[in-house]
Amino acid sequence: MAEPKENVLMEKITSLCKRRGFIFQSSEIYGGIQGFWDYGPLGAELKRNVKELWWSTMTRMRDDVVGLEATIIMHPAIWRASGHVDTFSDPMCDCLLTKKRFRADQIEFQSGNAYHYAGAKDTATGKEVVEPYAVLLAAGKPPESARKTAAQFYAQRGLQTVELIGETVAKVENSQRFNPENGSLLTPPVPFNLMFKTYVGPTATEADVAYLRPETAQAIFAQFKNVHETSRQKVPFGVAQMGKAFRNEVTPRNYTFRSREFEQMEREFFIKPDEAVEAVTAAVATPAAKGHPGEPQPNWGWQLWHQYWVEERIKFYEGIGLPRTTLEEYWQKPEELAHYARACVDILFKFPFGTQELEGIAARSDFDLSQHERCSGKAMGIFDEELRTAFGKLPPQKQTELKDRYYAARLKYLTKMGVSAAEAGAAAQEDADGLAKGQYIPHVIEPSAGVDRLILALLANAFTEVTETDAKGKSETRVVLRFHPRVAPIKVAVLPLLKNKPELAAKARAIFESLRGHMMAFHDEAGSIGRRYARQDEAGTPFCVTVDFETFEGIKDGPQAGVKDTVTIRHRDDGKQERIATSELLPWLLVRVK
RNA sequence: GCGGGUGUAGCUCAAUGGUAGAGCGCUAGUCUUCCAAACUAGUUACGAGGGUUCGAGUCCCUUCACCCGCUCCA
């Protein structure tokens with residue numbers, strides 16, 4: 001639970017973000033709109049850096065991952081196949097007495113006697129309330145307690161001395177219509193579909209309904225065949241995509257953490273089913289220890305690939321300045337997993353408002369491609385020459401064993417999806433025979449991260465207050481955002497020591513111009529030098545370059561005395577300065593910000 | 001959506017139903033040889049809409065947003 005102190009910290013971060021132009025409320029001049037946020041100048045740079053680092057790490061720097069940029073609106077059948085149309089809606093009920101909210105499907109089943117009432121009358125004023133109500137009592141409980149609860153209900157509707165009207169009793173078995181805590185009747189389940197609906201084309205009828213994507217991942221599955229055929233990639237390989245996604249959240253909360261429009265960085269990494277790995281390499285490697293398993297090997301099954309990606313993703317977060325101590329891994333328990341998932345790890349960040357998820361890395365079996373194969377009628381499997389050759393060379397009993405295991409897995413999936421026993425059996429047999437011929441539907445490991453929550457994590461992690469007492473004894477607290485140079489919105493600020501000395505100003509301007517093509521640089525000559533440093537600290541700029549008199553007159557003291565054309569570099573986190581030649585400035589900066 | 005709380009300048013906070021103010025910030029200028037210096041001038045607000053009242057930042061209603069809880073997830 002969030003302590004008051006932590007709320008104060010969130011308020012400070014929120015206020016800084018607005019003051020410095022990281023994050024603004026969307027549509028603020030019209031009163032704002034719930035669950036939508038804009039990035040200001042510094043926020044836009046920060047976000048761009050984060051996305052570029054992810055894209056570079058997850059695709060460009062890897063031989064085995066390619067990119068995709070799909071549309072936000074796709075064929076609505078995609079969301080039926082993915083399950084979002086059905087399962088993305090959570091029917092909710094409210095307790096009529098206490099207003100507490102329940103997920104309709106998670107209420108425990110109860111049995112007993114339901115006491116129904118048609119309404120109630122105020123014996124003092126004669127006022128009548130006609131509104132049906134009911135209370136469930138466990139068998140054997142005295143009816144008086146039901147009447148007491150009902151009286152409370154009608155009292156809330158403005159009656160003083162309640163006389164209940166039209167009591168009837170009915171036996172109830174396994175009902176989810178009553179509050180397990182007090183027996184009060186609940187409101188009828190109200191469905192919430194979290195997908196934003198829209199209409200494609202001019203007519204806006206039910207037939208034109210489409211949805212804004214609630215995740216970017218499904219496009220990767222839908223385009224799997226095209227990407228596979230055009231990218232010259234072989235399984236195992238991955239497809240990465242970044243982009244906006246939309247969820248009509250019941251309650252957006254915690255600043256930008258849960259927004260209705262947000263951005264995801266998702267990657268589907270397609271791997272062979274374990275049976276295929278075993279056929280080719282004789283045995284599937286088992287995880288030896290916790291931690292990074294090293295370079296990918298041909299004998300890796302889903303477990304090692306999953307572990308590999310968990311570690312790779314944590315390495316990424318560490319590389320952009322989130323220390324491992326600020327992160328947590330949460331391995332979902334078997335009973336928490338979605339029915340198709342074999343494992344799921346959440347990478348959590350310790351936010352000021354609680355430890356919350358940044359990214360989920362799920363081993364999703366072959367569920368998604370199988371679903372799209374079933375629903376679209378298009379084959380999603382791939383052919384693997386190496387597998388066919390290897391399978392043919394296996395001893396017959398090994399062949400049978402692998403086919404049986406693949407058959408069992410396919411049968412389980414098909415049965416779960418409601419395919420009739422006869423059809424499922426035949427289809428699973430076909431799949432098992434296909435495996436022997438080198439065909440299979442790839443399995444997938446899905447690291448799925450939220451950009452906006454990562455931005456928030458970076459801001460929270462970078463936020464530092466420094467209290468300093470000056471020579472006059474006046475103490476002042478200022479904010480330093482200790483961003484990793486790789487993500488910092490402004491990499492370097494170029495400052496003339498004094499504004500009114502033309503040679504300093506011109507030189508600073510020239511240095512700034514020479515840097516801006518390579519990185520986000522900033523030029524500032526207004527105010528005292530200390531004030532400008534402080535401004536940059538608040539923006540999280542890691543380096544300030546200052547042009548001073550020694551730039552022209554030569555270094556005064558020390559081993560380099562007399563050397564000209566140098567500048568000072570001032571470090572954000574400790575205020576220390578070093579002096580380097582202007583000719584070396586660009587390479588010096590580049591190695592630190594890339 | 002329900003319950004509780006909060007809305008005054010970019011930020012932090014004032015103003016008994018009677019002329020909306022301060023500090024910081026920001027902009028311009030003077031000055032200034034390294035950590036929010038000084039001086040001068042300027043800048044900007046009652047979340048929105050109704051109502052009560054001679055008069056509303058203040059009282060009432062509606063609405064919007066934010067924070068906390070229920071709920072949910074990237």
Side-chain angles (χ1 to χ4, degrees), chain A residues 1-4 7-8 10-12 14-21 24-36 40 88 90 92-96 98-104 106 187 190 192 194 214-217 244-260 262-266 346-347 353 356-360 362 446-454 466 468 470-472 474 476-479 495-501 504 526-538 544 546-551 553 556 568 570 572 575-577:
Chain A
M1 293 300 107
E3 298 294 321
N7 296 337
V8 169
M10 266 321 284
E11 275 167 32
K12 283 179 179 172
T14 311
S15 144
L16 176 81
C17 283
K18 173 157 194 206
R19 192 170 80 241
R20 293 312 309 248
F24 304 127
Q25 201 180 5
S26 170
S27 320
E28 195 191 71
I29 59 167
Y30 289 99
I33 175 166
Q34 203 183 18
F36 297 88
F88 225 59
D90 297 320
M92 307 276 207
C93 299
D94 295 333
C95 174
L96 282 166
T98 62
K99 306 291 180 200
K100 185 175 170 176
R101 169 150 294 186
F102 296 88
R103 274 217 11 216
Q106 288 180 352
T187 58
V190 179
F192 283 94
L194 300 184
E215 61 171 42
T216 60
K244 287 289 182 80
F246 304 82
R247 294 187 189 177
N248 208 354
E249 294 292 343
V250 177
T251 313
R253 271 304 153 78
N254 287 329
Y255 200 28
T256 59
F257 183 79
R258 179 173 301 115
S259 303
R260 288 182 166 140
F262 59 104
E263 191 148 13
Q264 291 183 309
M265 305 183 290
E266 294 196 295
D346 293 336
I347 297 176
F353 47 80
Q356 298 273 359
E357 185 181 347
L358 281 183
E359 170 161 353
E446 177 190 277
S448 166
V451 184
D452 308 272
R453 6 181 104 175
L454 177 51
V466 180
E468 276 158 356
D470 64 15
K472 294 169 205 151
K474 193 177 120 191
E476 195 169 59
T477 301
R478 58 197 187 84
V479 173
L495 320 166
L497 183 59
L498 295 176
K499 187 187 180 182
N500 62 351
K501 297 284 184 284
L504 295 190
S528 72
I529 190 71
R531 173 186 295 268
R532 282 176 280 159
Y533 286 150
R535 280 190 199 130
Q536 293 307 316
D537 286 347
E538 227 177 36
C544 287
T546 305
V547 174
D548 60 10
F549 292 92
E550 289 182 52
T551 303
E553 293 162 6
K556 279 186 186 142
T568 62
R570 180 254 189 195
R572 175 194 63 205
K576 293 222 172 74
Q577 293 195 10

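Chain letters run A, B, ... following the sequence lines, proteins first, then strands; residues in each count from 1.
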Subject >> Among B:C34, B:G10, B:A74, the nucleotide that comes nearest once only the side chain of A:Thr546 is considered >> reply: B:C34
Original post:
Is a side-chain N or O of A:Arg260 found less than 3.5 angstrom from the main chain of A:Gln34, in a donor-acceptor match?
Top reply: yes
**OP:** Please list every stem that involves RNA chain B, where a stem is a run of 3 or more consecutive Watson-Crick or G-U wobble pairs with both pairing distances under 3.5 Å.
**Re:** B:1-7 with B:64-70, B:10-13 with B:21-24, B:25-30 with B:38-43, B:47-51 with B:59-63
Original post:
Which heavy-atom pair separates A:Cys17 from A:Tyr255 by the least distance, and what is that distance?
Top reply: CB-OH, 3.2 Å
Original post:
Which part of the nucleic acid, if any, lies within contact of A:Gln577, taking any heavy atom under 4.0 Å across all strands shown: a base, the sugar-phosphate backbone alone, or nothing?
Top reply: base
**OP:** Using the closest heavy atom to pick a nucleotide of RNA chain B for each, name whichever of A:Glu215 or A:Lys501 lands nearer the 5' end.
**Re:** A:Lys501
Subject >> Polar pair under 3.5 Å, donor/acceptor by atom type, side chain A:Arg532, base B:C35 >> reply: no
**OP:** When you get a sec, tell me which of B:G10, B:C66, B:A74 is the closest nucleotide to the side chain of A:Lys18?
**Re:** B:G10
**OP:** Test for a donor-acceptor pair under 3.5 Å between the base of B:C26 and the side chain of A:Arg535, counting only N and O atoms.
**Re:** no
**OP:** Compare the minimum distances between each of B:U32, B:C11, B:A65 and the side chain of A:Gln25, then state the nucleotide with the smallest one.
**Re:** B:A65
Subject >> Nearest-neighbour nucleotide for the A:Arg570 side chain, B:C35, B:A36, B:A74 considered >> reply: B:C35
Original post:
Would you say A:Arg535 and A:Arg20 make side-chain contact, with heavy atoms under 4.5 Å?
Top reply: yes
Original post:
Sub-3.5 Å donor-acceptor pair from the side chain of A:Glu550 to the main-chain atoms of A:Lys556, do we have one?
Top reply: yes
**OP:** State which residues pass side-chain contact (heavy atoms from CB on, under 4.5 Å) with A:Gln25; sequence neighbours excluded, sorted by chain then number.
**Re:** A:Glu28, A:Trp37
Original post:
A:Thr551: what forms a side chain to side chain donor-acceptor pair (under 3.5 Å) with it, not counting sequence neighbours?
Top reply: A:Asp548
**OP:** Output the single nucleotide from B:U33, B:C70, B:A74 whose closest atom is nearest the side chain of A:Leu497.
**Re:** B:U33
Subject >> Distance below 4.0 Å between A:Arg531 side-chain N/O and B:C26 OP1 or OP2 >> reply: yes
Subject >> Among B:U33, B:A74, B:A65, the one nearest A:Phe549 by side-chain distance >> reply: B:U33
**OP:** Consider the side chain of A:Leu498, meaning its heavy atoms from C-beta on, and name the nucleotide among B:U33, B:C72, B:A36 that approaches it most closely.
**Re:** B:U33
Original post:
OG/A:Ser448 to CD/A:Gln264 distance, rounded to the nearest 0.5 angstrom?
Top reply: 5.0 Å
Original post:
So which nucleotide from B:A74, B:C66, B:C34 ends up closest to the side chain of A:Phe262?
Top reply: B:A74
**OP:** Under 4.0 Å between any heavy atoms, over every strand shown, what does A:Thr568 touch: base, sugar-phosphate, or nothing? Just pick one.
**Re:** base
**OP:** Just compare B:A65, B:C68, B:A36 and give me whichever is closest to any side-chain atom of A:Gln34.
**Re:** B:A65
Original post:
Quick one: is B:C68 close enough that its OP1 or OP2 comes under 4.0 Å of any side-chain N or O from A:Asn254?
Top reply: yes
Original post:
Between B:A36, B:G29, B:C34, which nucleotide gets closest to the side-chain atoms of A:Lys499?
Top reply: B:G29
